[in-house]
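All figures in this text were calculated on a predicted structure; none of them were measured in a lab.
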Amino acid sequence: MTGCGHEEAGARPRGGQVLSDPEDGPPFVVAVTDTPREALAHAGEDDLARAAAQWRASGGPSGLTEETASGALTALSTLARRAHDRGHRLYCWWSL
């Protein structure tokens with residue numbers, strides 16, 4: 001949705017910054033840059049549908065349906081919109 005690759009995204013401020021203590025092991029809390037927050041916060045239904053189709057076509061998680069992808073992106077868009085409106089940022093809780 002942002003049009004940038006993994007390397008570019010990781011080079012942005014806060015990109016992939018681990019905020020939890022790695023020595024504690026998983027789960028980890030990782031900072032998300034403002035770029036995807038903004039893209040999701042301002043995405044319309046057509047943008048989300050297109051992104052869901054691209055996610056599914058990219059070989060995302062096994063068994064990912066377009067309906068599931070669309071639902072996840074809609075939920076993330078709502079979260080991003082609230083964060084944007086309140087001046088908050090997004091974080092990813094990641095467990096292996």
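Remark: R82 engages no residue in a side chain to side chain donor-acceptor pair (under 3.5 Å) (not counting sequence neighbours). In this structure H88 satisfies the ring pair (Phe, Tyr, Trp, His ring centres under 6.0 Å) test with no other residue, sequence neighbours excluded. Listed by chain and number, the residues in a ring pair (Phe, Tyr, Trp, His ring centres under 6.0 Å) with Y91 amount to none (sequence neighbours excluded). Partners of T78 under the side chain to side chain donor-acceptor pair (under 3.5 Å) rule, at least two apart in sequence or in another chain, do not exist in this structure.
Separation of atoms CG (L73) and CD (E45) is listed at 13.0 Å; rounding is to 0.5 Å. Rounding to the nearest 0.5 Å places CZ of F28 at 8.5 Å from OG of S95.
A donor atom on one side chain and an acceptor atom on the other are not found under 3.5 Å apart for T74 and S77.
Using a 4.5 Å heavy-atom cutoff, the side chains of R37 and V32 are not in contact. Considering only heavy atoms from C-beta on, L64 comes within 4.5 Å of P61 through its side chain.
The shortest non-hydrogen separation linking L48 to L40 is CD2-CD2, 4.3 Å.
Under the ring-ring contact (aromatic ring centres under 6.0 Å, His included) criterion, the residue pairs touching residues 42-67 are H42-H84, with sequence neighbours excluded. Sequence neighbours left out, the pairs with a member in residues 48-75 that pass salt bridge (charged side-chain N to carboxylate O under 4.0 Å, His left out) are D47-R50.
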